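A short worksheet on the structure shown next.
In listed order, ligands and their atoms are each counted from 1. Side chains included, hydrogens not; waters and symmetry mates left out as well; all remaining heavy atoms used. Quick caveat: nothing in here was measured; it's all calculated off a predicted structure.
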Amino acid sequence: MTDAASRHRPCRVRQTAFADASNPVKSGAGGPFGVIRAGDETKPMLRFLTAGESHGPELVATVEGVPAGFDIDLAAINADLARRQKGYGRGGRMLIEKDEVRPVSGIRFGKSLGSPITFIIENRDFKNWVKKMSADPADRGAAEVVTRARPGHADLAGVLKYNLEDIRDVLERASARETTARVAIGGLAKQILLPFGIDVLGYVASIGATEARTNPELSVAELRQITEASQVRVADPDAESKIIAEIDACKKTGDTLGGIVEVVATGLPVGLGSHVQWDRKLDGRLAFALLSLQAAKGVELGLGFTAGRIRGSELHDEIGYDAAGHRFTRHSNNSGGTEGGMSTGEPLRARVAFKPLSTLMRPLRSVDIRSKAEAVGAIERSDVCAIPAAAVIAESVVAFELAAAFLEKFGGDSLIEITRNFKGFLEQVRNY
Ligand SMILES: Cc1cc2nc3c(=O)[nH]c(=O)nc-3n(C[C@H](O)[C@H](O)[C@H](O)COP(=O)(O)O)c2cc1C
């Protein structure tokens, strides 16, 4: 960097890595979302990339910004991957895979080093796709070209945008197999939150038209125990049997089912995220992360859309003060744990609606992209209902966003430094 360039470099905001101001496009890694914007010199403290095709050899997850000194429990991450694979209604693929992370960077003797952490997750199904997913041009022709676009999938928009002739070139990456990497990353994020008493859980609120009644008095630990024991990750045995019957009925008719999942996070301090700029708002960042999930169509925090239908007097969470505990309290939590783009310190509650899967065994009307003749959507091996898995995936992306916001608030290069910052802030709030 020249002297002149360094003099004109704008202020760095909460930045851990140096930017190359001589090349703004290369240097601008973007705000918390990691979007590359010319001239933007802020970098998120915690960021990730995933790579890999659904039937390629491996998935890759790289997380940068995990500070040093955190215990990394690979077995716990693998347990989350196993949770993602479970659930009544999944297709044959989950019988082939046994997802496990292979760490290749950033961890030594069970502790984070502060360097990028990379996980490889093998696609066991690749052995059936070696030629069909080969990188070698000599293998062109080994796979049948997919030309019948499925309504609701990425197929048609993807081939038009990327000027591709084989829908497989789009669907392989659009596939929710990618979320395996995001669950591994979320598992890591939970281990950043764990020492600070933050717990995150995803479970199912409804599948199709069947709503599960979840007792609001249950603790997260109780909710975890009950929903993890359920085949469809609900806390309501009556709803569970209705949902299983509905999945069976859809399977018979070649149809699919969507649903709504809820993620709750407890133990959050006040003040994660910020009101000062749009892309620092915790609610916005959570919504982006959740809507980026395959098949996600809607996100609500707290009362969500109901908030638009009731009066302010019914909605807003009245404030109290517990003098003995030296803390502000709330009489309700309709906000879902954020106000002004910041955590309030109350439990975070987010809901995500996922549409029914678009690969139908009784396919819908479509067009062959090559001949332009009427056709029906292609049939790929597919799930009937993936909502129990979607709950684990939503939990994972929420955990990541919370860990990212947590490190921005209390950031440091080691667990000990962050702990000091965290305790100091809690003391400051207590003495407010
Ligand atoms: C856990 C999970 C599993 C999924 N499995 C399938 C599947 O088996 N078949 C399918 O057509 N879509 C499946 N999807 C949805 C597609 O990946 C998604 O609809 C597609 O990529 C298009 O993206 P969009 O729905 O976000 O627009 C799944 C989604 C999730 C979250």
Side-chain angles (χ1 to χ4, degrees), residues 50 52-55 59 80-97 99 121 123 125 146 148-162 164 167-186 202-208 231-233 247 250-251 254-263 287-299 350-364 366 376-398:
T50 70
E53 273 68 42
S54 177
H55 298 97
L59 298 164
D80 278 341
L81 292 177
R83 289 172 65 220
R84 181 197 165 279
Q85 290 198 262
K86 283 202 306 211
Y88 198 83
R90 300 306 299 275
R93 176 79 187 266
M94 288 305 115
L95 301 173
I96 299 172
E97 302 298 342
D99 295 329
I121 303 151
N123 283 325
D125 202 12
V146 182
R148 290 175 292 129
R150 291 162 299 171
H153 220 290
D155 302 358
L156 184 57
V159 290
L160 293 175
K161 174 175 166 66
Y162 287 91
L164 296 167
I167 288 170
R168 180 157 305 286
D169 292 342
V170 173
L171 73 86
E172 282 290 330
R173 182 64 184 158
S175 159
R177 179 75 187 141
E178 183 264 349
T179 61
T180 310
R182 280 203 263 183
V183 169
I185 294 164
Y203 57 93
V204 171
S206 62
I207 290 184
Q231 290 190 77
V232 288
R233 212 163 249 118
I247 292 173
C250 278
K251 194 167 186 182
D255 218 330
T256 56
L257 273 180
I260 296 174
V261 309
E262 181 155 309
V263 181
F288 182 14
L290 289 166
L291 273 180
S292 78
L293 292 176
Q294 292 81 345
K297 281 307 223 188
V299 173
R351 287 180 152 225
V352 194
F354 289 90
K355 70 189 185 188
L357 307 177
S358 41
T359 308
L360 271 63
M361 293 304 137
R362 201 179 57 189
L364 299 174
S366 182
V376 290
I379 295 180
E380 289 279 314
R381 187 179 47 209
S382 193
D383 302 324
V384 175
C385 174
I387 299 304
V392 178
I393 298 161
E395 166 189 309
S396 304
V397 304
V398 166

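Between the side chain of Arg233 and the backbone N or O of Pro388, at least one donor-acceptor pair lies under 3.5 Å. Here the side chain of Arg90 pairs no donor or acceptor atom with the backbone of Cys385 at under 3.5 angstrom. Within the 3.5 Å criterion, the main-chain N or O of Leu357 finds a donor-acceptor partner in the side chain of Thr256. Side chain of Glu172 to main chain of Ser54: a donor-acceptor pair is present (N/O by atom type, distance under 3.5 Å, no hydrogens or angles).
When the heavy-atom distances from atom 16 (C) of ligand 1 to His153, Arg173, Lys297 are ranked, the shortest goes to His153. Taking only non-hydrogen atoms, the option from Leu291, Leu171, Leu357 nearest to atom 13 (C) of ligand 1 is Leu357. Proximity annotation for atom 18 (C) of ligand 1: of Arg84, Glu178, Gln294, Gln294 comes nearest, heavy atoms only.
For Ser175, no nitrogen or oxygen atom sits less than 3.5 Å from a nitrogen or oxygen atom of ligand 1, counting backbone and side chain alike. For Ala295, a nitrogen or oxygen atom sits less than 3.5 Å from a nitrogen or oxygen atom of ligand 1, counting backbone and side chain alike. Residue Ala174 has at least one nitrogen or oxygen atom sitting less than 3.5 Å from a nitrogen or oxygen atom of ligand 1, judged on distance alone. Checked by distance only, ligand 1 and Asp383 come closer than 3.5 Å through their nitrogen or oxygen atoms. Backbone and side-chain nitrogen or oxygen atoms of Ser382 are examined, and one is located within less than 3.5 angstrom of a nitrogen or oxygen of ligand 1.
Residue contact check: Ile393 has heavy atoms under 4.0 Å from atoms 1 (C) of ligand 1. Interface atoms of ligand 1 facing Lys355, defined by a heavy-atom separation under 4.0 Å, are 19 (O), 24 (P), 25 (O), 27 (O). Ligand 1 places these atoms under 4.0 Å from at least one heavy atom of Ala386: 1 (C), 2 (C), 3 (C).
At the top of the distance list for atom 29 (C) of ligand 1, counting protein heavy atoms only, stands Ala176 CB, 3.4 Å. The single protein non-hydrogen atom nearest to atom 10 (C) of ligand 1 is Thr359 OG1, 3.4 Å, given as residue, atom name and distance.
Looking at Glu380 and Arg150, no side-chain N of the basic residue comes within less than 4.0 Å of a carboxylate O on the acidic one, giving no salt bridge. Salt bridge Asp125/Arg381: present, at least one basic N to carboxylate O contact under 4.0 Å.
Checking Asp80, Asp99, Val397 one by one against Val183, the side chain to side chain contact (heavy atoms under 4.5 Å, CB included) holds for a single residue, Asp80.
For Lys355, the NZ atom is densely surrounded, since the number of other residues' heavy atoms within 6.0 Å is greater than 12.
Applying the ring pair (Phe, Tyr, Trp, His ring centres under 6.0 Å) test to His153 and every residue at least two apart in sequence or in another chain returns nothing.
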